[in-house]
Amino acid sequence: MKRSGLWGIGVLAAFALLALTAPLHIGDDQLDVVRVDGPRLAPPSAAYPLGTDLAGRSILHLVIWGSRESLSIGLIATALTVLLGTAVGLLAGHYQGRIGQALMHVTDWFIALPSLPLAISLSAVLGQGAASITIAIAVTSWTATARLVRAQTLAVEARPFIERARALGAGNRQVMLRHVLPNVMPLVLVSSTLTVASAILSEATLTFLGLGDPTSVTWGSMLQTAFSGGAVTAGAWWYLMPPGLAILLVVLGFTLTGRAVEHLLNPRMVQHA
Amino acid sequence: MRRIGAVLCALTLAFAVPAAPAGAAAPPVRSTVLRAAMDGSGVDTLNPFLAFFNGALETFGMVYPSLNSLDPSGAPGPYLATKWEPSADRLTWTFTIREGLKWSDGKPITAEDAAWTLNLIMTDAVAGTANGSLVSNFEKVTAEGPATLVIKTKAPQASVPYVSHPMSGIPIVPKHVWEPLAKNLKDAKNDVFPLVGYGPWTLTEYKQEQYAKFTANKEFVLGPPKFDNLVLQSFKSGDAAVAALRSGQIDYKAGVNPTQFKALQADPKIAAVRTVGNGWMGLEINHNARTRSGKKIGTGHPALGDPALRKAIALATDKQTLVTKVIDGVGRLGHGYLPPAWPQWFWTPAQPTPYDPAQANRVLDEAGYTKGADGVRTDPKSGRPLAFRFGIHSDDAADAAISGYVVGWMKEIGIKLTIQSLSMTALNSDLAKGDWDLLMDAWTTGPDPTYLLGIQSCGTLPKDDGTGGNTDSFFCDAAFDELFKKQLTTFDQGERAKVIGEMQEILYAANVNQIYYYADGLDVARKDTVTGLTLGKPDADGVYPSQTAFWSYLNAAPATATTAAKAEGSGSGMTWVAGGIALVVVLGGVLVWRRRAGGADRE
């Protein structure tokens, strides 16, 4: 289990490195359709290790560049998800009366909504682009975190030290932020690692469905242009395969890492793994 | 979130195995079936008064008659009418209607059917939904006996023989079937099969978004179809339709994209045909949008009103690269406003604007647009930088591809473009309000150019309250409008073409509509099952004249048995690869799903 976690971290570190160093060796000369002069949809060769796309750009460069947007949308959406989910979960767990019930009803309502149509309509209303996709992902995926956090809050608040804190005069805010939140955080951390995985997958899905900015380079948009441009008929496997594999690797990386962290933080899980 | 993952898996699978929808017609034992892919737009409704989608218009062309046919060069030919003549004052047209033809239920087809259909479209707002604009100049339509139809127009109109023709004109419907439905036309679904009509085919079965089945009318007046049956099958993606063609599930698909076309050209079992483009792809510029009374409307950048700036934009655009890179060379470089499919109206400039960014920069320097430190020029009059919005259709792959190039070229001459990717509806709504700077636009047209020219005339500008407009680019030019009226009333085709040429010259000089290219129509068919789909002779480049499904399906014949060898396993390498991707994404999805399930358990 630990070894797979290391693998996951390794994969993520490699992708993070690629994404962060991309601007050093990839620029307009490689990405701007006006400046590139490669052959159209050419198979892999020495000059283009992963072949070229419809505009003659190197797929290798596109995949590396695409990691930037795919990862950043995934991470930002996850941050939003965690923020929203934790806040709702914490409040709902702490104020168990009407406020808690109301919040949980809202959460249930969001769980009941089918997330893909909701995300599609949200990005349609907000307009196309990375920002609206990020928001759409956050809005449709915070519920799991909220329920998780609420359950953990309930468990933590039942412990004696909370009672002690209250007896010493701690207010709601003190209890929530100083005592409950630190105890909930590990769980949130685990859940967020896994949320990143599904957020990246969602980003790819939504851009593949044509809801992204068609001119930006992401893995999802690469798949979309390949698909709508007839790459399947042309047998251009080099256009479809790399972004698909990149999505797989990053999602796998986050999942493995999340599992490993989960095991580190929760030794009881070892038995049923 | 899990559901999104699952859908991605499903989508990946869908393109790995582009199987045809279930229930696609198995051919009857002895009768011959032509199986074609339905137009990608599909059928919105089978009610011919309301339908807009190409798939529906194609269907009506096959099952409902019209007054005229269009011969492959685009000139009106006989169909229900055998003769049509304008009166001396050119206000009255007399159509002689063929006698002895019968609707598919046995009732005779008379001039009264045509008069009733046209009158309904002229008088009833609902009936005019789809085709009302075609008869807006009609004053009165009467049937004088079963064989004579008289059309009176308000002003002389040269295009009357183009009003009712298969596919893009008005279909004539049987009065005895539609009269009871006329009161509540909005709800008339027209779904009793076989559909009562007349044409080369009879619609016998139809399943929304799946298929339409037709049987041949062996007594069709313009020559019987050579196949016994026709099946149009609906596909959700072009690659799926192409895969079906390769594996022999369908025989013909019109309109593939350049990449698919190049791939299929290499396939010995497939006949891949280029036809002359019947539409253009281009750029429109908001040159100070105004209402009909001349009031400014919208938020367009004021500098775009300057012809020098628009000229510079044209000079800096490398159209040839767009033809080579975006449509892979299967199309023609664009200049004039009307596409080459209708050679009678096709116009080319005596001095085409070259691609010359240096000259573009000079033009801008001379006009006083000075470059700032960031490389973006500033408009001396308004003091605003030359930074424009650039609207593109979010669902159009060509728009996205072109926009990348245009943004790069404009940067070279100190113009900054910000791409706004919008849905068709949002883009059109912004356009109508004048809230745009530059946008991508595309139009196709039938052989009568009146509509396409009309949307550049002053009369289509919106009213002061922003409504009532139908303009394409807020173009309004007195000389153009004068010529527009003149061409409408010019009955001699050669004369009319000259007038229309002058109109296109005005448009070209204004640089408001900058035509990039006319993409070829790309049609593919199986050689072993069907021949005769493509009419006419290819030109020197091997490009055929523009085709319509009406003639293609009518002339298609079963291929002889000599080429009976069926395709097998073509593109199997691709299936493996796509399958591999599907597999990895599925695995990824399962993993995520399992983790989610674990999380839920813990609660």
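Order of the sequence lines sets the chain letters (A, B, ...), proteins ahead of strands, with each chain counted from 1.
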Ala400(B), Gly408(B), Ser421(B), Ala263(B): which one forms the most heavy-atom pairs within less than 4.5 Å of chain A? Ser421(B)

Structural part of Asp53(A) lying under 4.5 Å from a heavy atom of chain B: neither

I need the Leu322(B) CG to Tyr516(B) OH distance, nearest 0.5 Å. 6.5 Å

Classify the ring geometry between Phe227(A) and Phe208(A) as parallel (under 30°), tilted (30 to 60°) or perpendicular (over 60°). tilted

What part of Ile392(B) gets closer than 4.5 Å to chain A, counting heavy atoms only: side chain, backbone, both or neither? side chain

Please classify the contact of Lys262(B) with chain A as side chain, backbone, both or neither, using a heavy-atom distance under 4.5 Å. neither

Without hydrogens or angle criteria, can the side chains of Gln260(B) and Asp239(B) be said to hold a donor-acceptor pair below 3.5 Å? yes

Of all of Ser394(B), Ala397(B), Gly238(B), which one pairs up most often with chain A through heavy atoms under 4.5 Å apart? Ser394(B)

Would you say the ring centers of Phe254(A) and Trp7(A) fall short of 6.0 Å from each other? no

Counting only heavy atoms closer than 4.5 Å, note whether Ser228(A) contacts chain B via side chain, backbone, both or neither. both

How long is the span from the CH2 atom in Trp238(A) to the CG atom in Leu41(A), to the nearest 0.5 Å? 5.0 Å

Taking atom types as modelled, is there a side-chain donor on Arg246(B) or Thr233(A) under 3.5 Å from an acceptor on the other? no

At a heavy-atom separation under 4.5 Å, does Val36(A) approach chain B through its side chain, its backbone, both, or neither? backbone

Could you tell me which portion of Val256(B) (side chain, backbone, both or neither) has an atom closer than 4.5 angstrom to a non-hydrogen atom of chain A? neither

What residue in Val242(B), Asp318(B), Thr324(B), Asp328(B) has the most heavy-atom pairs under 4.5 Å with chain A? Asp328(B)

Quiz question: by atom type and distance under 3.5 Å, do the side chains of Ser41(B) and Asp39(B) form a donor-acceptor pair? yes

